[in-house]
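Chain letters run A, B, ... following the sequence lines, proteins first and then strands; every chain starts at 1.
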Protein chains: 2
Amino acid sequence: MRILIVEDEPKIAQSLATALTAASYSVDTVSDGEEAWFRGDTENFDLVILDLGLPKIDGLSVLKRWRAEGRTMPVLILTARGAWMERVEGIDAGADDYLVKPFQIEELIARVRALIRRSVGQGSALLTAGGLTVDTRQMRVLIEGSPVAVSPLEYRLISYLIHHKGRVVPPTELIEHLYGDDDARDANALEAVVTRLRKKLGQDLIETRRGFGYIVADLPA
Amino acid sequence: MRILIVEDEPKIAQSLATALTAASYSVDTVSDGEEAWFRGDTENFDLVILDLGLPKIDGLSVLKRWRAEGRTMPVLILTARGAWMERVEGIDAGADDYLVKPFQIEELIARVRALIRRSVGQGSALLTAGGLTVDTRQMRVLIEGSPVAVSPLEYRLISYLIHHKGRVVPPTELIEHLYGDDDARDANALEAVVTRLRKKLGQDLIETRRGFGYIVADLPA
DNA sequence: TGGCGTCCGTCAGCATGTTGTCAGCTTTGA
DNA sequence: TCAAAGCTGACAACATGCTGACGGACGCCA
């Protein structure tokens with residue numbers, strides 16, 4: 001799960017990043033609104049933590065723009081002090097939750113977990129393509145209705161692909177999703193995972209488009 | 001990828017053109033709003049870089065007219081100083097991104113890359129001309145509805161041509177698009193690719209305009 | 001603490017696909 | 001008719017992706 005932290009105060013950003021990384025999220029950090037808008041627009045994050053007081057463009061405007069453009073990832077707003085108006089505006093602008101500074105890190109992690117759980121659960125819990133089913137609630141993979149044991153990494157890979165079924169997903173994007181771009185892995189690591197997955201799921205579910213990436217066909221169940 | 005630069009300050013226009021050419025885009029430059037409007041209306045650009053302060057017609061008006069006429073190419077606005085109002089108006093008028101002068105060339109290139117990536121991703125997934133269809137989501141080529149296996153380079157070639165259907169594309173532009181001018185290739189390399197493609201797609205889809213380039217006719221499907 | 005199993009990145013080797021080059025050919029237009 | 005432009009089949013070098021083997025890291029349990 002990738003999280004974007006938008007926070008101009010380096011100390012706060014740093015401590016958030018540390019805590020979330022420890023909670024095994026993959027974290028990117030930006031410090032101004034313009035950059036935030038840009039990154040949120042061009043990359044796929046599973047959650048954004050958004051401070052409102054930012055250089056260049058303020059947080060609320062960034063959020064409004066994302067929503068106007070149809071970006072739907074959950075956004076958790078950080079408001080300074082208990083400024084009630086800000087909270088209301090934030091919710092109006094499309095925020096999913098907010099947290100008042102100063103806050104306990106544990107509290108933040110809990111909210112993050114809840115938001116991600118909610119957004120994952122929001123889409124139907126069952127993703128299917130052909131004979132393959134991914135149950136996102138139980139984190140299980142089924143072939144023709146019977147469960148197949150897959151490792152965590154394998155699960156994240158197949159669930160990402162099936163989430164984007166019918167579209168060729170470039171290896172760079174997969175690597176980014178699986179590992180985050182901090183500790184980049186060799187393309188071969190990905191290939192190895194694909195091989196192991198195919199062995200468990202059947203050869204033809206994940207197709208290779210040589211030179212472009214992988215795709216799970218958008219077949220009716 | 002073709003980029004139109006609209007900038008009345010020759011020095012800036014020049015340095016943009018140089019940098020973008022180096023980044024292997026094919027660049028056209030105009031210096032007033034009237035000319036910009038005309039070119040953007042009659043030719044296919046993959047991106048427009050638009051300065052707001054222009055002779056004859058100002059940038060915002062040009063942009064609004066394009067949008068009113070249904071032109072959808074991404075537009076990156078250059079605003080002088082951090083004039084907030086200009087930014088807001090620009091976004092309202094249909095700009096996709098903006099950059100405040102003075103800026104780093106690297107920053108600009110990054111934005112350009114992201115905008116083009118985004119627009120390729122969202123543009124309608126199916127490009128058609130006659131019996132030919134290019135599915136940009138699945139990265140597949142179909143003839144009369146049935147898939148044809150093409151190599152990555154072949155795919156990029158036909159998808160570029162069909163993207164610019166109805167227009168003669170000079171070989172230099174194709175070579176630039178396929179290879180970037182870092183490692184330039186012989187014109188013959190391109191001819192070889194065209195030959196292989198024609199063998200797979202049918203002889204008459206890609207027409208040669210001797211002395212000028214290649215064209216895919218703009219036929220109804 | 002030590003033994004065991006799982007997970008997963010790395011490596012090397014392999015198969016196959018891809019593509020530039022070359023040489024000779026055909027077409028075109030003046 | 002001639003030269004330039006473009007086409008094409010063959011080929012070899014290269015790139016891409018797949019896979020089995022290996023071993024380090026980690027968690028689990030006694």
Side-chain angles (χ1 to χ4, degrees), chain A residues 21-24 26 139-141 147-161 168-216, chain B residues 24 139-141 147-161 168-216:
Chain A
T21 304
S24 81
S26 136
M139 307 253 264
R140 289 203 311 171
V141 175
V148 176
V150 297
S151 77
L153 196 65
E154 287 161 3
Y155 176 84
R156 292 206 287 145
L157 175 57
I158 190 58
S159 101
Y160 191 84
L161 284 177
V168 172
V169 182
T172 49
E173 184 181 332
L174 283 171
I175 290 171
E176 205 172 73
H177 175 77
L178 291 179
Y179 308 110
D181 36 24
D182 315 318
D183 58 337
R185 287 287 187 282
D186 195 81
N188 186 233
L190 174 64
E191 286 158 14
V193 179
V194 170
T195 295
R196 288 193 268 258
L197 241 186
R198 290 216 253 236
K199 220 175 289 178
K200 294 179 181 177
L201 305 182
Q203 287 302 321
D204 41 2
L205 261 164
I206 304 172
E207 291 171 47
T208 302
R209 289 271 191 283
R210 191 173 238 264
F212 296 109
Y214 296 97
I215 182 175
V216 167
Chain B
S24 80
M139 307 265 205
R140 289 204 309 173
V141 175
V148 177
V150 298
S151 78
L153 197 66
E154 287 161 4
Y155 176 87
R156 293 205 288 145
L157 175 57
I158 190 58
S159 102
Y160 190 85
L161 285 176
V168 174
V169 182
T172 49
E173 184 181 330
L174 283 171
I175 290 172
E176 211 169 297
H177 172 77
L178 293 179
Y179 307 109
D181 37 23
D182 317 317
D183 56 339
R185 289 287 185 280
D186 195 275
N188 185 232
L190 174 63
E191 287 158 13
V193 180
V194 170
T195 295
R196 288 193 272 256
L197 241 186
R198 290 214 253 237
K199 218 176 291 178
K200 294 179 180 177
L201 305 183
Q203 287 302 322
D204 41 2
L205 261 164
I206 304 171
E207 292 170 47
T208 302
R209 292 271 192 281
R210 200 185 168 82
F212 298 104
Y214 297 96
I215 182 174
V216 167

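One interatomic measurement links the two molecules: CZ of B/Arg198 to P of C/dT27, which rounds to 13 Å at whole-angstrom precision. B/Glu154 places its CD atom 7 Å from the P atom of C/dT19, with the value rounded to the nearest Å. Regarding A/Glu207, its CD atom lies at a distance of 21 Å from the P atom of D/dT16, rounded to whole Å. Put simply, CG on B/Leu190 is 13 Å from P on D/dT8, counting in whole angstrom units. Remark: P of C/dC8 and CG of A/Leu178 are 10 Å apart, rounded to the nearest angstrom. A/Glu191 has its CD atom 6 Å from the P atom of D/dG17, to the nearest Å. In this structure, CD of A/Gln203 is placed 10 Å from C1' of D/dT19, rounded to the nearest angstrom. Rounded to an integer number of Å, the gap from CD1 of B/Ile206 to P of D/dG6 is 15 Å.
Taking 4.0 angstrom as the limit, A/Ser151 places a side-chain polar atom (N or O) nearer than this to OP1 or OP2 of C/dC8. Close to C/dT19, at under 4.0 Å from its OP1 or OP2, lies no side-chain N or O of B/Tyr179.
At a threshold of 4.0 angstrom between heavy atoms, the contacts of A/Val193 are confined to the sugar-phosphate backbone, with no base atom among them. B/Tyr155 comes within 4.0 angstrom of no nucleic acid atom, judged by non-hydrogen atoms across all strands. At the heavy-atom level, B/Thr208 lies under 4.0 Å from the strands shown only through sugar-phosphate atoms. Contacts of A/Arg196 with the nucleic acid, taken as non-hydrogen atoms under 4.0 Å apart, include base atoms.
Distance from the side chain of B/Arg210 is smallest for D/dA5 among the nucleotides D/dG20, C/dC7, D/dA5. Side chain of A/Lys199, nearest nucleotide from C/dT21, C/dG9, D/dG20: D/dG20. Side chain of A/Leu153, nearest nucleotide from C/dT27, C/dG9, D/dC7: C/dG9. Residue A/Ala189 places its side chain closer to C/dG9 than to any other of C/dT18, C/dG9, C/dG20.
Of all non-hydrogen atoms in A/Pro171 and A/Gly213, the two that sit nearest each other are CD-CA, 3.7 Å. When all heavy atoms are compared, the tightest approach of A/Arg210 to B/Pro152 is O-CG, 3.4 Å. A/Glu191 and A/Tyr214 get closest at one heavy-atom pair: CG-OH, 3.7 Å. When all heavy atoms of A/Ile206 and A/Val216 are compared, the pair lying nearest together is CG1-CG2, 4.3 Å.
Nearer to the 5' terminus of DNA chain C, by closest-nucleotide assignment, is the contact made by A/Lys200 (compared with the other of A/Lys200 and A/Ala192).
One can find a donor-acceptor pair under 3.5 Å joining the base of D/dT8 and the side-chain atoms of B/Asn188. Below the 3.5 angstrom threshold, one finds no donor paired with an acceptor across the side chain of B/Arg209 and the base of D/dA5.
You'll find the side chain of B/Leu157 stays beyond 4.5 Å of the side chain of B/Arg196, heavy atoms only.
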Any chance you could lay out the side chain to side chain contact (heavy atoms under 4.5 Å, CB included) test for B/Leu161 and B/Leu174, step after step, and finish with the verdict?
-> CA-CA 9 Å; B/Leu161 285 176; B/Leu174 283 171; 4.1 Å; yes
